[in-house]
Student: 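So that we are looking at the same thing, I have put the structure below in structure tokens.
Just so it is clear, the model here is predicted, and its values are computed rather than measured. Sequence positions, counted from 1, serve as the residue numbers for this chain. Numbering of ligands and ligand atoms starts at 1, following listing order.
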Amino acid sequence: MADFTPRTIIEPFRIHSVEPLRLTSEAQRRAALVDAGYNLFNLRAADVLVDLLTDSGTGAMSRDQWAAIQRGDESYAGSPSWFIFRDAVQELFPFRHVIPTHQGRAAERILFSAIGGPGKVVPNNTHFDTTRANVEATGAEAVDLVIPEGREPQSDHPFKGNMDVAALDELLAERAGDVPVVMMTITNNSGGGQPVSMANLLAVREVCDRYGVPLFLDACRFAENAWFIREREAGMGDRDVRDIVREIAAVADGMTMSAKKDPMGNIGGWLALDDDALAEQCRNLLILTEGFPTYGGLAGRDLEALAQGLHEVIDHDYLRYRIRSTAYLGDALQRVGIPVVTPIGGHAVYLDARALLTHLDPLQYPGQALAVALYEVGGVRGCEIGTVMFGRGPDGSEQPAAMDLVRLAIPRRTYTQSHMDYVIEVCDEVARRAPDLPGYRITDQPAALRHFTASFEPVP
Ligand SMILES: Cc1ncc(COP(=O)(O)O)c(C=O)c1O
């Protein structure tokens with residue numbers, strides 16, 4: 001008889017310690033929104049019921065990670081925890097140099113301070129906001145070259161994170177001398193958490209080789225990406241995720257990493273690369289602001305927790321649960337008629353605010369309007385990924401972003417299926433109220449990365 005295959009997505013863990021959640025009323029949440037200038041980053045987390053702002057650093061660590069924390073050795077230089085961390089990184093990403101940083105953007109700042117600068121151009125499938133900001137802060141230009149399907153919320157291409165190889169070829173034919181690196185973001189967070197195929201990575205590598213340009217990964221969600229490759233790419237179905245990850249690494253010359261995602265850390269990151277001279281330059285920059293090269297901006301205990309997290313994240317039972325439970329939320333939202341980016345990505349479900357709030361112009365920030373409503377109605381905190389985040393050019397001009405999305409990012413191993421059922425109900429209620437939701441205008445904003453700190457007011 002065939003094995004029983006349950007429909008229920010069973011979490012491959014049980015709860016070991018709990019954190020209380022506080023229930024609030026709509027009136028209390030409306031007051032909190034006013035205090036926060038309608039910016040969900042300004043809310044007190046204690047006023048949020050289900051926090052889907054980000055999957056970054058918000059996951060639950062395992063029993064074995066907490067145990068590893070106890071082993072953390074805080075020696076300034078050459079701590080055993082450093083070697084455990086370095087070996088765990090190199091087991092998956094065998095680059096010659098591993099440079100620990102306090103989080104992903106520190107790795108980006110160091111890399112682009114070394115290789116960026118005015119006149120340079122950095123292609124990426126889609127830059128994440130901090131990556132773009134770190135490229136642009138050096139005076140270089142950040143160019144997104146995702147395939148056209150990657151910009152269409154409802155296209156069902158299985159690898160919507162892929163780079164447009166022809167467009168990359170064209171750019172390099174014209175300006176290879178100005179391109180210090182080609183980046184590939186796996187999975188493509190800003191484009192909907194969509195994966196990149198192995199075939200595309202190899203094709204990008206071939207173009208880079210032809211023009212003599214190095215290829216780096218922004219690999220925050222490498223394990224989720226590898227799982228999608230295993231599930232969706234021909235000939236990959238029997239492969240071990242560990243091998244797929246190593247094959248991805250072999251395509252690249254280096255990587256930036258936020259260890260707050262797939263490595264299951266609450267903090268951490270790294271820069272890894274093969275080029276000796278560039279590594280030395282980066283280590284010197286690291287010492288200026290992050291710390292000594294055997295700890296970067298991290299404590300020994302953080303390094304231990306990350307090493308353990310890297311062993312756990314490539315577990316097939318975990319990845320199957322992770323990807324299926326994200327799809328559970330996305331599929332249910334579609335069933336109640338909420339437009340979402342499809343196929344459902346790895347770490348998040350992206351609501352298509354522009355398609356839902358058709359009465360709002362993109363410059364009235366439909367993503368912001370939807371994110372505020374989700375909080376007001378149900379205490380669910382998501383994140384606008386649209387014109388607020390990407391709509392302002394380096395010269396201060398304002399234009400609609402390619403899409404206006406709200407990302408519901410799912411912290412790893414943190415919420416149960418009943419939390420997700422609650423989120424589905426809240427989204428359904430917000431969709432009912434959609435025609436009456438106001439747009440927003442910005443009343444105050446900083447020069448860069450405005451979505452973190454800008455203030456808004458509703459436009460009736
Ligand atoms: C694709 C991508 N790159 C880079 C970063 C930046 O990492 P960090 O937040 O650790 O600085 C993030 C964070 O969300 C990300 O999703």
Side-chain angles (χ1 to χ4, degrees), residues 40-41 51-59 89 93 99-113 122-137 142 144 146 150 160-163 181-196 216-226 228 248 252 254-272 286 289-290 296-298 302-303 305-306 309-310 313 326 341 345-350 381-385 389-390 405 407-412 448-449 451-452:
L40 303 186
F41 284 96
D51 204 345
L52 307 182
L53 183 69
T54 174
D55 64 322
S56 180
T58 52
V89 171
F93 302 98
I99 298 174
T101 60
H102 80 278
Q103 61 184 91
R105 68 198 69 185
E108 293 165 359
R109 189 189 58 77
I110 289 169
L111 177 66
F112 294 115
S113 304
V122 177
N124 198 323
N125 45 352
T126 309
H127 288 83
F128 184 65
D129 58 354
T130 60
T131 325
R132 171 174 291 279
N134 274 298
V135 168
E136 289 175 352
D144 294 340
V146 74
K160 284 170 80 172
N162 281 355
M163 180 81 94
V181 71
V182 171
M183 298 285 298
M184 286 293 275
T185 304
I186 61 168
T187 57
N188 187 15
N189 183 2
S190 309
Q194 300 292 330
V196 174
F216 271 50
L217 305 167
D218 174 348
C220 303
R221 299 176 183 85
F222 66 93
E224 292 170 8
N225 200 102
F228 280 120
I248 292 172
M255 67 192 295
T256 56
M257 184 69 176
S258 169
K260 301 171 72 174
K261 282 81 172 181
D262 273 352
M264 306 277 197
N266 298 127
I267 196 70
W270 68 82
L271 170 64
L286 180 88
T289 56
E290 290 283 299
L298 296 170
D302 299 324
L303 296 168
L306 294 176
L310 283 172
V313 74
T326 305
V341 174
H347 67 294
V349 175
Y350 292 69
R381 176 159 68 168
C383 181
E384 193 264 9
I385 302 218
M389 195 178 267
F390 298 117
L405 306 175
R407 184 185 70 180
L408 303 181
I410 306 179
R412 291 168 183 76
L449 294 176
H451 54 286
F452 287 127

Student: Heavy atom to atom 16 (O) of ligand 1, shortest distance: which of D55, N189, T54 holds it?
Tutor: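 Residue with the shortest heavy-atom distance to the ligand atom: N189.
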Student: Which ligand 1 atoms, with their elements, are less than 4.0 angstrom from a heavy-atom of K260?
Tutor: 10 (O)
Student: Tell me which protein heavy atom sits closest to atom 4 (C) of ligand 1, plus the residue, atom name and distance to 0.1 Å.
Tutor: E108 OE2, 3.1 Å
Student: Among R105, H127, R221, whose heavy atom sits nearest atom 9 (O) of ligand 1?
Tutor: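 It is R105 that holds the nearest heavy atom.
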Student: Strictly below 4.0 Å, N to O, side chains only: are R109 and E290 in salt-bridge contact?
Tutor: no
Student: Considering only heavy atoms of T185, which atoms of ligand 1 have at least one such atom less than 4.0 Å away?
Tutor: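 Heavy-atom distances to T185 below 4.0 Å select 1 (C).
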Student: How far is atom 14 (O) of ligand 1 from its nearest protein heavy atom, and which residue and atom name does that atom have?
Tutor: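 Atom 14 (O) of ligand 1 sits closest to the protein heavy atom K261 NZ, 2.8 Å.
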Student: Under 4.0 Å from a heavy atom of G104: give me the atoms of ligand 1 that qualify, with their elements.
Tutor: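 Those atoms are 7 (O), 8 (P), 10 (O), 11 (O).
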Student: Show the numbers, then the answer: is there a side-chain hydrogen bond (donor to acceptor under 3.5 Å, both in side chains) between D302 and H102?
Tutor: CA-CA 10 Å; D302 299 324; H102 80 278; over 6 Å; no
Student: Just to confirm my output: which protein heavy-atom neighbour is closest to atom 5 (C) of ligand 1, and how far is it?
Tutor: F128 CD2, 3.5 Å
Student: Charged N to carboxylate O under 4.0 angstrom, D55 versus K261?
Tutor: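 Salt bridge between D55 and K261, a charged N being under 4.0 Å from a carboxylate O: no.
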Student: Can you find a side-chain donor-acceptor pair between N189 and R407 that sits under 3.5 Å?
Tutor: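 On atom types as modelled, these side chains qualify, holding a pair under 3.5 Å.
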Student: Checking a contact table here: which protein heavy atom is nearest atom 3 (N) of ligand 1, and how many Å away?
Tutor: D218 OD2, 2.7 Å
Student: What atoms in ligand 1 come closer than 4.0 Å to a heavy atom of T130?
Tutor: 4 (C), 5 (C), 6 (C)
Student: Is there a polar contact between ligand 1 and Q103, counting only N or O atoms under 3.5 Å apart?
Tutor: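 Q103 vs ligand 1: N/O contact under 3.5 Å present.
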Student: With a 4.0 Å cut-off on heavy atoms, is C220 touching ligand 1?
Tutor: yes
Student: Counting both backbone and side chain atoms, is some N or O of S258 under 3.5 Å from an N or O of ligand 1?
Tutor: yes
